[in-house]
A.B. asks: 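This is the structure I want to talk about, given as structure tokens.
All values derive from a computational prediction rather than experimental measurement. Numbering of ligands and ligand atoms starts at 1, following listing order.
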Amino acid sequence: MSKKLTVAVVGATGAVGREMLKTLHDRKFPATEVRAFASARSAGNKVPFGEDELTVAELTEKSFEGIDLAIFSAGGATSTKFSPFAAHAGCVVVDNSAAWRMDDRCPLVVPEVNPHALGKHNGIIANPNCSTIQMLVALKPLHDAARIKRIVVTTFQAVSGAGQKGVNELEKQVRDLFNAREIETKAFPYQIAFNVIPRIDVFMENDYTKEEMKMVNETVKIFEDPSVRVTATCARVPVFYSHSESVNIETEKKLSAKDARVILSQAPGVKVIDNPRADLYPLALDATGCDETFVGRIREDESIENGLNMWIVADNVRKGAALNAVQIGEELLRRDLIRVTDKNVFMK
Ligand code: A2P
């Protein structure tokens, strides 16, 4: 690879896109140039990049000439339409949407869990769903130690998971309610202020939501283990940033809570906060702005022979999206994989 490395952020005006720019800057990603793209609506607007500002350009099919790596967070439709043009231009895509996650041509990667999967990329790499990422960062070391047979997860997901419009809606509803004004509901199916909504994304034929099925299917793909059974319930809560998850696992081998704590305290990207006596456990407010996945409330499930319960929290915009995507970029660089071997794989 040449020394020059041009990186694009697509969806640079969105909640995750802005965090991607911040993460690239904070981690000193070795780009010689960073470009910002969004829709025609934002062309000419400025977005912060460290001390500087970048001028946003409209994304077109021709935007990828001369770009080595494009990190997308602009929704599934934009990614479906434009990523093949990026790969065709020799630009490697890391995409944050659900568009390519279950496509056999695309690795689905959490760098702490399955970085080896990058070796087979064809130009488009998928960033998993935010709830899947934090769950698997915590569960992979336990899977390696005791083989997980079944996962039962309930999520408590922040409004920022729905993008900037989700953040704005919670803020406005709270202000309007305190001022005795009518509230507007657009980003979520019901009022989210002071409420909990057990539905994220659309319902599927089996009455699970798409978000819940993402956790099921993505876990199997990332673990490369179809024998792991997963069931999920995903709820939206009136929290701005950081998703919390109640996770129950059943393992093949016995794993005590104490052993799990030791394993997790040595695991990459994980921080254990688990001291009931001192009233310490992971909190969404504390996780916000942090890179780590926090795990606590680790205890043995006394209703089965080999089971554990735990509480997993991470910043959904950071580790659940922007940071994971940038870490994939770093891993690609480390492995000298920022190149597209067959530029036509997604054009056929
Ligand atoms: P824009 O601000 O111009 O609409 P969020 O997830 O916070 O809602 O952000 C979505 C991001 O995706 C925004 O940056 C948005 O840009 C961008 N986006 C939406 N549609 C397109 C498109 N057709 N081409 C490029 N970027 C798009």
Side-chain angles (χ1 to χ4, degrees), residues 7-25 34-49 53-65 67 69-89 91 93-101 124 126-133 157-173 184-189 192 200-202 210-211 214 236 239-243 288-289 315-326 346:
V7 177
V9 172
V10 177
T13 53
V16 171
R18 285 171 185 271
E19 190 68 27
M20 282 170 169
L21 287 169
K22 185 172 182 301
T23 308
L24 285 168
H25 182 266
V34 177
R35 297 187 203 166
F37 293 97
S39 76
R41 292 179 291 274
S42 307
N45 289 357
K46 307 270 187 199
V47 284
F49 182 64
E53 284 186 325
L54 302 176
T55 303
V56 178
E58 178 189 355
L59 184 73
T60 70
E61 291 166 5
K62 301 213 162 64
S63 297
F64 304 100
E65 290 308 325
I67 293 175
L69 175 69
I71 310 183
F72 273 63
S73 187
T78 305
S79 183
T80 303
K81 180 170 171 198
F82 290 100
S83 300
F85 290 99
H88 188 64
C91 166
V93 171
V94 179
D95 178 45
N96 193 46
S97 82
W100 304 99
R101 288 184 191 147
I124 302 177
N127 212 35
N129 174 264
C130 42
S131 298
T132 312
I133 293 176
Q157 297 184 220
V159 292
S160 48
Q164 194 56 45
K165 63 182 187 312
V167 173
N168 297 346
E169 185 150 312
L170 174 59
E171 193 195 332
K172 186 160 186 309
Q173 284 185 354
E184 249 187 353
T185 293
K186 278 197 288 197
F188 303 107
I192 185 61
I200 299 178
D201 211 329
V202 294
K210 206 168 177 183
E211 184 84 354
K214 285 176 194 167
R236 186 75 70 193
V239 163
F240 284 107
Y241 297 99
S242 295
H243 292 349
T288 300
D315 186 325
N316 57 303
V317 176
R318 217 171 157 83
K319 181 56 188 166
L323 173 64
N324 199 72
V326 172
F346 296 96

A.B. asks: Look only at the side chain of N316 and the backbone of S242, and say whether a donor-acceptor pair between them is shorter than 3.5 Å.
C.D. replies: yes

A.B. asks: Using a strict cut-off of 4.0 Å, indicate which atoms of ligand 1 neighbour a heavy atom of S73.
C.D. replies: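 The atoms of ligand 1 under 4.0 Å from a heavy atom of S73 are 11 (C), 12 (O).
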
A.B. asks: Using a 4.0 Å cutoff against the non-hydrogen atoms of S42, which atoms of ligand 1 qualify?
C.D. replies: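 Heavy-atom distances to S42 below 4.0 Å select 1 (P), 2 (O), 3 (O).
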
A.B. asks: With atoms numbered from 1 as shown, which atoms in ligand 1 lie under 4.0 angstrom from a non-hydrogen atom of A74?
C.D. replies: 12 (O), 17 (C), 18 (N), 26 (N), 27 (C)

A.B. asks: Can any side-chain N or O of S160 pair as donor or acceptor with the backbone N or O of F240 at less than 3.5 Å?
C.D. replies: yes

A.B. asks: Locate the shortest heavy-atom distance separating T78 from L59; write the atom from each residue and the value.
C.D. replies: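 Residues T78 and L59, closest heavy atoms: CG2-CD2, 3.9 Å.
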
A.B. asks: Side chain or backbone, does G11 bring an N or O within less than 3.5 Å of an N or O on ligand 1?
C.D. replies: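 Yes, there is a polar N/O contact under 3.5 Å.
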
A.B. asks: Do S79 and D95 meet the criterion of a side-chain donor-acceptor pair at a distance under 3.5 Å?
C.D. replies: yes

A.B. asks: Tell me which protein heavy atom sits closest to atom 19 (C) of ligand 1, plus the residue, atom name and distance to 0.1 Å.
C.D. replies: R41 NH2, 3.8 Å

A.B. asks: Name the one of T23, N96, N127 that satisfies side chain to side chain donor-acceptor pair (under 3.5 Å) with N324?
C.D. replies: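 Answer to the side chain to side chain donor-acceptor pair (under 3.5 Å) test with N324 among T23, N96, N127: N127.
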
A.B. asks: With a cut-off of 4.0 Å, which atoms of ligand 1 are near a heavy atom of G163?
C.D. replies: 6 (O), 7 (O)

A.B. asks: Is there a donor-acceptor pair under 3.5 Å between the side chain of R35 and the backbone N or O of V9?
C.D. replies: no

A.B. asks: Do Q173 side-chain atoms and E184 backbone N/O form a donor-acceptor pair below 3.5 Å?
C.D. replies: yes

A.B. asks: Just let me know how T78 lines up against ligand 1, side chain, backbone, both or neither, with a heavy-atom cut-off below 4.0 Å.
C.D. replies: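 Near ligand 1, T78 shows its side chain, while the N, CA, C and O stay back.
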
A.B. asks: Any idea which atoms of ligand 1 are less than 4.0 Å away from a heavy-atom of A12?
C.D. replies: 14 (O)

A.B. asks: Would the distance check show the side chain of E169 and the main-chain N or O of A187 forming a donor-acceptor pair, the cut-off being under 3.5 Å?
C.D. replies: yes

A.B. asks: Please verify whether a non-hydrogen atom of A43 lies at under 4.0 Å from ligand 1.
C.D. replies: no

A.B. asks: Check each heavy atom of A77 against ligand 1 and say whether those closer than 4.0 Å belong to the side chain, the backbone, both or neither.
C.D. replies: neither

A.B. asks: Would you mind listing which atoms of ligand 1 come within a distance below 4.0 Å of any non-hydrogen atom of A38?
C.D. replies: 3 (O), 16 (O), 25 (C), 26 (N)

A.B. asks: Do ligand 1 and K165 have nitrogen or oxygen atoms that lie under 3.5 Å from each other?
C.D. replies: no

A.B. asks: May I ask you to check if ligand 1 and A15 share an N or O to N or O distance below 3.5 Å?
C.D. replies: yes

